[in-house]
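All heavy atoms count here, side chains included; hydrogens, waters and symmetry mates do not. The chains referred to below are lettered A, B, ... by the order of the sequence lines, with proteins before strands, and numbering in each begins at 1. These numbers come from a predicted model, not from an experiment.
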Protein chains: 2
Amino acid sequence: MAYENLNEREKKVLSCLISYYVASADPVGSRAIANKFRLGISPATIRNTMQDLEEMGLVQQPHTSAGRIPTDAGYRIFVDTLLRQEQLSEADKHAIDSTILAMAGGVEAILDQTSRVLADLSRQLGVTISPKLDDSILFHIELIHMAEGKVLVVLAFKSGLARTILLEVDASIGWVELSEISRLLNEKLAGLSLGQIRRSITERLHDSGGDPKLLRLFLDSESDVWMGADADQLHIEGTRNIIEQPEFADRQKLWELMKILEKRTDLAGILRNYQETGSGIIITIGAENQAREIQSCSVVSASYKAGNTTGTIGIIGPTRMPYAKLMSLVKYAARQLSKVLSGE
Amino acid sequence: MAYENLNEREKKVLSCLISYYVASADPVGSRAIANKFRLGISPATIRNTMQDLEEMGLVQQPHTSAGRIPTDAGYRIFVDTLLRQEQLSEADKHAIDSTILAMAGGVEAILDQTSRVLADLSRQLGVTISPKLDDSILFHIELIHMAEGKVLVVLAFKSGLARTILLEVDASIGWVELSEISRLLNEKLAGLSLGQIRRSITERLHDSGGDPKLLRLFLDSESDVWMGADADQLHIEGTRNIIEQPEFADRQKLWELMKILEKRTDLAGILRNYQETGSGIIITIGAENQAREIQSCSVVSASYKAGNTTGTIGIIGPTRMPYAKLMSLVKYAARQLSKVLSGE
DNA sequence: TTTTATCACTCGAAGGGATAGAGTGCCAGA
DNA sequence: TCTGGCACTCTATCCCTTCGAGTGATAAAA
């Protein structure tokens with residue numbers, strides 16, 4: 001659709017209408033635009049322009065005698081061609097820096113704090129997903145012999161990420177076999193990505209001595225060790241912000257949103273998908289979203305680097321959201337995260 | 001207050017009123033009770049009894065011409081003296097067993113699933129808190145030398161719990177010093193509880209060789225290692241269930257609840273507190289709760305054992321909840337958790 | 001040709017009875 | 001001591017009206 005041939009006036013009116021609507025949440029009338037913004041044209045002219053915009057499907061009327069609200073397509077144009085980059089305030093920058101840069105204790109703790117600060121600054125939902133382990137390079141694998149036939153497997157990744165998995169093993173396995181296996185695993189697997197390991201584990205370990213009883217726990221590519229470690233860690237904060245939004249005054253809508261927020265793996269998959277189609281900031285508006293339950297929402301997301309793998313952060317809220325501000329927020333947070341997690 | 005001297009009829013009426021109200025969420029009138037339950041007395045008599053109950057503060061009228069609803073005190077009597085133990089259905093038992101017993105991969109994963117199954121079966125909020133590390137006995141401490149002056153500290157506890165903390169260290173520290181420190185830490189600290197370690201770390205490590213540069217990171221009792229590891233892990237599921245409850249039709253109320261649910265540490269502290277005052281199932285009704293934000297809620301909680309330390313699980317919902325069922329749910333889940341985490 | 005002022009029209013939100021119904025308290029009688 | 005009956009109270013709901021915001025259309029002005 002050749003949206004570029006909006007004329008200057010149409011661009012201005014659409015732009016004003018969206019800014020006004022984002023702030024007020026009420027349908028915007030021609031008078032409101034004429035008064036609030038000094039466009040030098042009368043309400044009647046604005047009305048005519050709005051009719052044109054409506055024919056193009058960029059705005060719509062909830063009912064005959066109401067003002068207009070933007071459609072998904074309207075927001076899309078706005079985001080793609082009209083939106084002016086916004087500078088993040090120093091206060092916001094500082095808030096992000098002091099959470100991300102100052103945090104210690106590991107990647108998950110940082111991500112947890114990041115989703116919180118995103119939620120607080122945006123007054124929407126803040127979401128972070130931990131780095132995809134599939135590409136993450138295994139740095140070291142450690143087996144710790146716990147009591148009663150239990151072995152704690154520690155996977156340490158180059159990115160600083162760590163996962164622990166508790167394995168049930170044959171009680172008769174002693175620490176001698178264990179350290180032998182441990183040596184073997186490190187020798188054969190360190191330096192590979194988790195994905196590579198999973199795909200080729202059988203071949204790599206096949207003809208290498210060691211106690212087969214214990215080794216068997218690692219041999220299968222579907223093993224708890226490799227699958228359990230890969231589970232996406234999703235951090236969501238700011239549920240209370242969403243409750244305040246007028247678009248979720250309807251309990252039914254709120255319920256649907258919550259439902260998908262609680263299906264962690266599904267949501268993680270959706271967000272991950274967006275990143276694969278491009279880099280930088282990705283904005284997904286309303287019905288562009290894959291899951292029906294969030295088709296009245298928009299997602300502003302970006303990926304961050306952690307070593308040689310990537311994760312995703314984002315903000316989720318109603319399509320009526322301050323895109324410019326949220327873009328700069330997510331962009332800045334992603335950059336700072338990458339800095340911290342990839343060591344500059 | 002000598003509530004025991006409720007006469008038989010008062011007990012029966014209170015009991016019926018509560019069961020009816022729990023199901024309907026509407027104020028209960030005398031006619032409703034007379035029709036629904038075969039008490040052999042007329043609505044007029046029930047009215048008189050209800051007046052008595054109201055004078056005792058066990059029920060109240062939202063307004064003059066409405067039925068009665070139970071007060072916190074009314075629920076308290078009901079729970080303490082009238083409630084009949086309920087047998088958990090085989091289906092529910094099976095649901096719990098198949099999540100808790102079948103899960104592998106470590107304590108946190110089990111707890112995550114547990115809070116979910118609690119939420120699903122109760123249609124309320126399901127909450128679990130990981131075992132208190134303060135009493136948890138350190139089994140082994142492992143230091144893994146990551147790239148660029150970073151050390152991954154793995155704390156493995158006897159209960160099967162594990163924590164990893166990423167430490168920034170002087171880049172010059174090599175793996176020789178590291179394994180020396182590692183040996184030293186295990187020698188001096190393994191077998192002690194995290195609490196003991198924190199309280200006496202300075203004395204224990206004071207006059208023991210080793211590279212002071214690295215050791216310093218562990219010496220302080222406020223060190224990231226000991227504090228970071230102790231952070232409560234709180235798993236909450238079932239937010240969507242709460243949205244459905246009529247008592248949270250009011251956005252303001254829902255907002256307040258969400259607010260405290262997002263203050264993880266506060267909530268964890270509150271739930272922990274309950275457990276300290278007793279053992280078995282603890283029910284905390286409405287205003288009995290410490291935090292103002294959940295004084296329109298009740299909490300059914302119990303503690304589980306994981307090795308020689310304990311954690312808490314519970315269900316949170318409006319005071320109008322099916323106490324008997326939730327008690328048996330929480331009880332059973334706590335028992336199964338203890339079984340799995342303490343090895344029978 | 002484009003813009004503006006004006007006006008009749010539409011529709012939803014808000015307010016105001018009126019009504020129905022659920023439930024009570026009380027009293028007199030069983 | 002219990003019950004049936006009755007007058008009373010209060011809310012929820014429906015319907016009606018009104019109000020106002022906003023529109024589209026048209027004709028005049030630029």
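Under the rule for a side chain to side chain donor-acceptor pair (under 3.5 Å), the partners of B:S298 that lie at least two apart in sequence or sit in another chain are B:Y323. In this structure, the side chain to side chain donor-acceptor pair (under 3.5 Å) partners of A:N289, at least two apart in sequence or on a different chain, are A:Y274. Shown here are the salt bridge (Lys or Arg N to Asp or Glu O under 4.0 Å) partners of B:E262, two or more places apart in sequence or in another chain: A:R240. With sequence neighbours excluded, no residue forms a salt bridge (Lys or Arg N to Asp or Glu O under 4.0 Å) with B:D266. With sequence neighbours excluded, no residue satisfies side chain to side chain donor-acceptor pair (under 3.5 Å) with A:D52. For B:S30, the side chain to side chain donor-acceptor pair (under 3.5 Å) partners are B:R47, not counting sequence neighbours.
A side-chain donor-acceptor contact under 3.5 Å links B:R251 to the backbone of A:I243.
Taking every heavy atom of residues 16-23 of chain B and every atom of DNA chain D, no pair lies under 4.0 Å. Of the residues in residues 62-70 of chain A, those lying under 4.0 Å from DNA chain D by heavy-atom distance are A:T64, A:S65, A:A66, A:G67, A:R68. Less than 4.0 Å separates DNA chain D from at least one heavy atom of each of the following residues of residues 30-54 of chain A: A:S30, A:R47, A:M50, A:Q51.
In terms of heavy-atom proximity, A:L6 sits nearest to A:I77 at CD1-CG2, 4.0 Å.
Nucleotides of DNA chain C lying under 4.0 Å from heavy atoms of chain A occupy a range whose first and last members, 5' to 3', are C:dT3 to C:dG12.
A side chain to side chain donor-acceptor pair (under 3.5 Å) check over residues 60-75 of chain B, counting only residues at least two apart or in different chains, returns the pairs B:E54-B:R68. Note on residues 31-46 of chain B: pairs passing side chain to side chain donor-acceptor pair (under 3.5 Å), not counting sequence neighbours, are B:S42-B:T45.
A heavy-atom distance below 4.5 Å is found between the side chains of B:Q124 and B:I242. Inter-residue side-chain proximity for A:P246 and A:R320 is flagged as met; some heavy-atom pair is nearer than 4.5 Å.
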